[in-house]
Amino acid sequence: MTTIPMEYGILLAAILFSIGLVGVLVRRNIMFILMSLEVMFNAAGLAFIVAGSRWGQGDGQIMFLLILTLAAAEVGVGLGLVLQMYRRFRTLDADALSGMRG
Amino acid sequence: MDLVLFYIAATVAVFSTVMVITRLNAVHALLYLIVSLLAVGFVFYLMGAYFAAVLEVIIYAGAIMVLFVFVIMMLNLGKATIGQERAWLRPGMWIGPALLSLALMTELIVMFVQGVDVAAGHVVEAKSVGILLYGPYLLAVELASMLLLAGLVGAYHLARPAAHVEEKQP
């Protein structure tokens with residue numbers, strides 16, 4: 001009976017977070033940017049769960065719950081923005097919106 | 001045994017996440033993203049966070065991904081959807097996520113059959129989470145509810161058809 005070492009879990013969270021960060025930086029389609037943001041949220045939640053499991057406390061899971069709430073709100077607003085963007089500009093390219101009027 | 005299960009789940013998670021950010025088609029990427037979330041949920045289970053694992057599957061892989069699917073389907077409307085559907089049903093598209101999910105399911109079956117006692121010392125029950133949630137973290141719960149309300153109103157406002165917005169001149 002071995003438990004999973006904390007370092008492995010943190011390492012997995014770091015790897016997932018890095019992949020998500022690379023996704024945000026590399027992709028220009030706004031759907032992919034949102035998906036990469038989800039991956040990063042998920043990795044942060046994983047880090048909290050690993051820490052909570054390491055010390056046997058429930059606080060990690062509560063932080064995960066709050067991250068879940070944040071992700072849900074973010075996705076709702078973000079996808080609403082995507083819909084508006086597609087209606088007005090007929091594109092999902094994030095670089096197409098780089099100009100400001102003002 | 002635990003470590004082997006963890007390695008497999010972690011490999012599935014990392015691989016499918018890499019596939020998410022390298023796919024060209026958004027629906028392919030979504031399939032891989034769902035597999036990635038399921039794998040991370042499995043890791044939660046192995047860590048002894050059963051409640052979080054359930055929430056990961058139900059809310060992340062269920063509810064939030066459904067939002068993505070809805071929006072992608074809405075944006076795809078009006079194109080040559082029939083050929084698209086036919087292309088989506090080709091095996092080359094769903095075989096990768098299916099194999100990865102199969103690996104996760106095999107892990108789950110192995111775990112239940114062998115009765116692997118996961119993380120015996122570190123299981124955090126849903127009961128203690130609930131007690132903490134409505135004790136010291138009550139304010140955070142209230143704030144989360146306010147955030148969700150703001151998200152609801154914001155999403156409703158943003159996704160409304162913009163019939164009257166263009167007339168506003170600066």
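Under the 3.5 Å distance criterion, the side-chain polar atoms of Thr17(B) are left unmatched by any main-chain donor or acceptor of Leu16(A). Of the possible polar contacts, none joining the Gln61(A) side chain to the Ser128(B) backbone as a donor-acceptor pair under 3.5 Å is found.
Heavy atoms closer than 4.5 Å to chain A are found in the side chain of Leu33(B), but not in its backbone. With a threshold of 4.5 angstrom between heavy atoms, Met6(A) does not approach chain B through any atom at all. With a threshold of 4.5 angstrom between heavy atoms, Tyr7(B) approaches chain A through side-chain atoms but not through N, CA, C or O. At a 4.5 Å heavy-atom cutoff, the contact between Leu81(A) and chain B is made by backbone and side-chain atoms alike. For Thr69(A), the parts lying near chain B are the backbone and the side chain together; criterion is any non-hydrogen pair under 4.5 Å. With a 4.5 angstrom heavy-atom cutoff, Val82(A) touches chain B only via side-chain atoms.
The candidate with the highest count of non-hydrogen atom pairs below 4.5 Å against chain A, out of Val153(B), Val129(B), Leu149(B), is Val129(B). Among Ala159(B), Gly151(B), Gly154(B), Ala13(B), the residue with the largest count of heavy-atom pairs under 4.5 Å with chain A is Ala159(B). Ranking Ile15(A), Leu46(A), Leu34(A), Asn42(A) against chain B, the residue ahead of the rest is Asn42(A), based on heavy-atom pairs under 4.5 Å. Of the listed residues Val43(B), Ile131(B), Leu143(B), Ile59(B), the one with more heavy-atom pairs under 4.5 angstrom with chain A than any other is Ile59(B). No other option in Arg27(A), Arg54(A), Glu38(A) has as many heavy-atom pairs under 4.5 Å with chain B as Arg27(A).
Linking Ile, Leu, Val, Met, Phe, Trp and Tyr residues whenever their side-chain heavy atoms come within less than 4.5 Å places Leu46(B) and Leu11(A) in a single cluster. Hydrophobic cluster membership differs between Met65(B) and Phe70(B), with clusters built from Ile, Leu, Val, Met, Phe, Trp and Tyr side chains linked at under 4.5 angstrom. Side-chain heavy atoms closer than 4.5 Å link hydrophobic residues (I, L, V, M, F, W, Y) into clusters, and following such links, possibly through other members, connects Ile33(A) to Phe89(A). Criterion: ILVMFWY side-chain heavy atoms under 4.5 Å apart, direct or through other members. Under it, Phe48(A) and Val54(B) are part of a common hydrophobic cluster. Using a 4.5 Å cut-off between side-chain heavy atoms of Ile, Leu, Val, Met, Phe, Trp and Tyr, with links allowed through other members, Leu147(B) and Leu67(B) fall into the same hydrophobic cluster.
Between Ala52(B) and Ile49(A) the shortest heavy-atom distance is CB-CD1, 3.4 Å. Residues Leu148(B) and Ala72(A) share a closest heavy-atom pair of CD2-CB, 4.4 Å. The two residues Phe32(A) and Ala29(B) come nearest to each other via the heavy atoms CE2-CB, 3.4 Å. The heavy-atom pair separating Met47(B) from Ser53(A) by the smallest distance is O-OG, 2.9 Å. Across all their heavy atoms, Ala155(B) and Gly76(A) have their closest contact at CB-O, 3.6 Å.
In this structure, CG on Leu158(B) lies 10.0 Å from CZ on Arg87(A), to the nearest 0.5 angstrom. Annotation: the span from Phe51(B) atom CZ to Ile62(A) atom CD1 amounts to 9.5 Å, rounded to 0.5 Å. Taking CD1 from Ile19(A) and CE from Met19(B), the interatomic distance works out to 12.0 Å, rounded to the nearest 0.5 Å. Annotation: the span from Asn29(A) atom CG to Asn25(B) atom CG amounts to 10.0 Å, rounded to 0.5 Å.
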**Asked** When you look at Tyr137(B) and Leu65(A), which way does the side chain to side chain contact (heavy atoms under 4.5 Å, CB included) test go after all the steps?
**Response** CA-CA 11 Å; Tyr137(B) 286 98; Leu65(A) 268 177; over 6 Å; no
**Request:** Mind running ring pair (Phe, Tyr, Trp, His ring centres under 6.0 Å) on Phe44(B) and Phe64(A) for me, showing each step along the way?
**Result:** CA-CA 11 Å; Phe44(B) 287 174; Phe64(A) 175 73; 5.0 Å; yes
**Request:** Carefully, step by step, assess Val141(B) and Leu66(A) under the rule side chain to side chain contact (heavy atoms under 4.5 Å, CB included).
**Result:** CA-CA 8 Å; Val141(B) 173; Leu66(A) 297 180; 5.8 Å; no
**Request:** For side chain to side chain contact (heavy atoms under 4.5 Å, CB included), just list the numbers for Leu132(B) and Asp59(A), CA-CA rounded to whole Å, side-chain angles, deciding distance to a tenth of an Å, and then say yes or no.
**Result:** CA-CA 7 Å; Leu132(B) 273 179; Asp59(A) 304 66; 3.6 Å; yes
**Val71(B) vs Tyr86(A), side chain to side chain contact (heavy atoms under 4.5 Å, CB included): CA-CA, chis, key distance, verdict** = CA-CA 11 Å; Val71(B) 169; Tyr86(A) 190 73; over 6 Å; no
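Partner of Val22(A) under the side chain to side chain contact (heavy atoms under 4.5 Å, CB included) criterion, out of Thr22(B), Ile21(B), Val18(B): Ile21(B) alone.
Leu83(A) is listed as a side-chain neighbour of Leu75(B), based on a closest heavy-atom distance under 4.5 Å.
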